Amino acid sequence: MKLKAMINSLNTNLDIQKSETSKIENVDFENLAFGRTFTDHMFVCDFIDGKWQQPKIMPYQAMTFEPSARVFHYGQAVFEGMKAYKDNAGKIWLFRPEANHKRINISSARLAMPEFPKDYFFAGLETLLKMDKEWIQPGIGNSLYIRPFVIATEPAISASPASTYRFMIICSPAKAYYSGKVRVLFAEKYSRSADGGVGFAKASGNYAAQFYPTSLAQEKGYQQIIWTDAHTHEYLEEAGTMNIFFRIDDRLVTAPTSDRILDGITRKSIIQLAEDNGVTVEIRRVPVTEIKEAARNGSLKEIFGAGTAAVVSPISAFEHGNEVFEIPDLENSYASKFKKQLQDIQHNLSEDKHGWRHEVK
Ligand SMILES: *Cc1c(COP(=O)(O)O)cnc(C)c1O
């Protein structure tokens with residue numbers, strides 16, 4: 001069955017409980033702190049007795065769980081991050097959403113959690129977006145951040161996979177995410193992920209594990225850490241929630257994905273856009289020594305992070321081995337060029353030759 005047909009056939013089966021009032025009147029869309037305001041509804045589906053039960057949309061609300069729910073003890077939890085956009089005609093768009101669905105199931109499989117069916121995912125997501133469409137503001141930089149996630153709900157504290165799970169989607173309106181100048185520390189001691197580990201999964205515990213080393217970096221005046229390989233700390237891998245690109249002269253260099261690195265949708269879109277623009281992209285290991293040398297001899301033109309939340313985030317300085325390197329501002333940077341091209345596609349302002357946009361009708 002075609003995706004659209006599957007969604008239509010399932011829509012009738014969604015159990016929908018509409019909110020009686022809307023919170024939208026109280027929202028100041030000009031001053032939104034990221035991820036703190038939630039729309040009127042949420043999508044919920046429980047996994048019980050070996051199968052996903054009746055999917056539901058209900059008013060966004062607090063939920064109760066037993067203190068013994070396994071997620072609280074063993075961190076069996078995965079999530080996704082995606083965005084919906086509204087164009088000037090009021091149409092709603094998603095960007096490569098099938099990749100998010102695929103990835104949450106890859107993450108779930110690694111955490112011994114059940115995969116979530118594609119028809120449920122799209123029916124829940126699209127119905128939710130249509131119900132809360134007033135929360136999506138038009139204009140470049142405005143979006144609705146979408147957070148699908150799965151948690152282990154079974155009340156049992158033996159260290160083994162749960163038999164019950166809850167899949168949910170919550171949504172939060174987001175304003176252009178201006179991160180300011182990002183200064184970063186190249187990791188020399190701590191690691192985000194290791195061979196054979198869960199670095200490629202959007203597993204909740206990966207983020208908790210970064211908070212402490214990142215807080216140490218922040219005390220030294222750096223907003224983020226660029227993680228290096230856990231073995232040698234000699235190769236640059238990615239940032240905490242973003243993949244990372246280096247521009248050396250006019251070439252773009254980024255690390256290959258692996259079981260340590262998250263396969264970012266923004267990353268692969270930027271690689272494609274760069275190639276479309278005739279820019280040479282090198283997907284290979286990136287030695288710290290090479291980047292320091294390139295910074296010294298002036299061939300390092302840019303470093304930027306790429307991820308759904310901030311889209312593209314230019315980095316203005318890095319520290320490694322007690323040496324600080326400032327990266328001068330650049331006019332016509334790849335960061336600003338690819339960010340604009342990506343946003344124009346996302347907001348239905350330019351041709352979508354790779355078929356990345358998905359209309360929610
Ligand atoms: C989510 C995430 C990214 C970016 O992925 P996108 O699909 O581009 O949003 C990169 N690295 C890590 C560790 C992430 O969690």
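Residue indices begin at 1 and follow the sequence shown. Below, each value reflects all heavy atoms present in this structure, side chains not excepted, and no hydrogens, waters or symmetry copies. Every number for a ligand or one of its atoms is a count from 1 in the order of the listing. As the structure is a prediction and not an experimental result, all values here were calculated from the model.
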Quiz prompt | R70 and its side chain to side chain contact (heavy atoms under 4.5 Å, CB included) partner, picked from S160, S163, P161 | solution = S160
Quiz item: In a check of side chain to side chain contact (heavy atoms under 4.5 Å, CB included) between P173 and each of I24, N142, T37, which one passes?
Solution: T37
Practice problem: Look at ligand 1 and say whether E80 reaches it with a heavy atom at a distance under 4.0 Å. | Solution: no
Quiz item: Can you check whether R192 has an N/O within less than 3.5 Å of an N/O in ligand 1?
Solution: no
Exercise. Give a yes or no on this: more than 12 heavy atoms of other residues, nucleotides or ligands lie within 6.0 Å of atom NZ of K23.
Key: yes
Self-check item: Contact (N/O only, under 3.5 Å) between I265 and ligand 1
Solution: yes
Practice problem: Could you find the nearest protein heavy atom to atom 8 (O) of ligand 1 and give me its residue, atom name and distance? | Solution: T266 OG1, 2.6 Å
Quiz item: If you look at every heavy atom in L94 and P97, which pair is closest and at what distance?
Solution: CB-CG, 3.9 Å
Quiz item: Hey, are D87 and H347 close enough side-chain-wise for a donor-acceptor pair under 3.5 Å?
Solution: no
Quiz item: Considering only the protein, which heavy-atom contact is closest to atom 11 (N) of ligand 1, and what is its distance?
Solution: E238 OE1, 2.6 Å
Quiz item: In the protein, which heavy atom is nearest to atom 13 (C) of ligand 1, and how far is it?
Solution: G240 O, 3.2 Å
Quiz item: Are more than 12 heavy atoms from other residues, nucleotides or ligands located less than 6.0 Å from atom CG of D249?
Solution: yes
Quiz item: Which residue owns the protein heavy atom closest to atom 5 (O) of ligand 1, what's the atom, and how far is it?
Solution: G264 CA, 3.4 Å
Exercise. Please report the closest heavy-atom contact between M168 and M63, naming both atoms and the distance.
Key: CE-SD, 3.4 Å
Quiz item: Hey, is ligand 1 close enough to Y207 that some N/O pair sits below 3.5 Å?
Solution: yes
Quiz item: Does S269 have a heavy atom less than 4.0 Å from any atom of ligand 1?
Solution: no
Quiz item: Mind checking whether K202 has an N or O less than 3.5 Å away from an N or O of ligand 1?
Solution: yes
Quiz item: Does any donor atom in the side chain of H354 or D276 lie under 3.5 Å from an acceptor atom in the other side chain?
Solution: yes
Quiz item: Side chain or backbone of T241 under 4.0 Å from ligand 1, or both, or neither, by non-hydrogen atoms?
Solution: backbone
Quiz item: Is the number of heavy atoms from other residues, nucleotides or ligands within 6.0 Å of CG (D49) greater than 12?
Solution: no
Exercise. Check each atom of ligand 1 against the heavy atoms of L262 and keep those under 4.0 Å away; list them by number with element.
Key: 1 (C), 2 (C), 3 (C), 5 (O), 10 (C), 11 (N), 12 (C), 13 (C), 14 (C)
Quiz item: Among protein heavy atoms, which lies nearest atom 9 (O) of ligand 1, and at what distance?
Solution: T308 OG1, 2.6 Å
Quiz item: Counting each atom of ligand 1 from 1 as listed, which ones have a heavy atom of N243 under 4.0 Å away?
Solution: 10 (C)
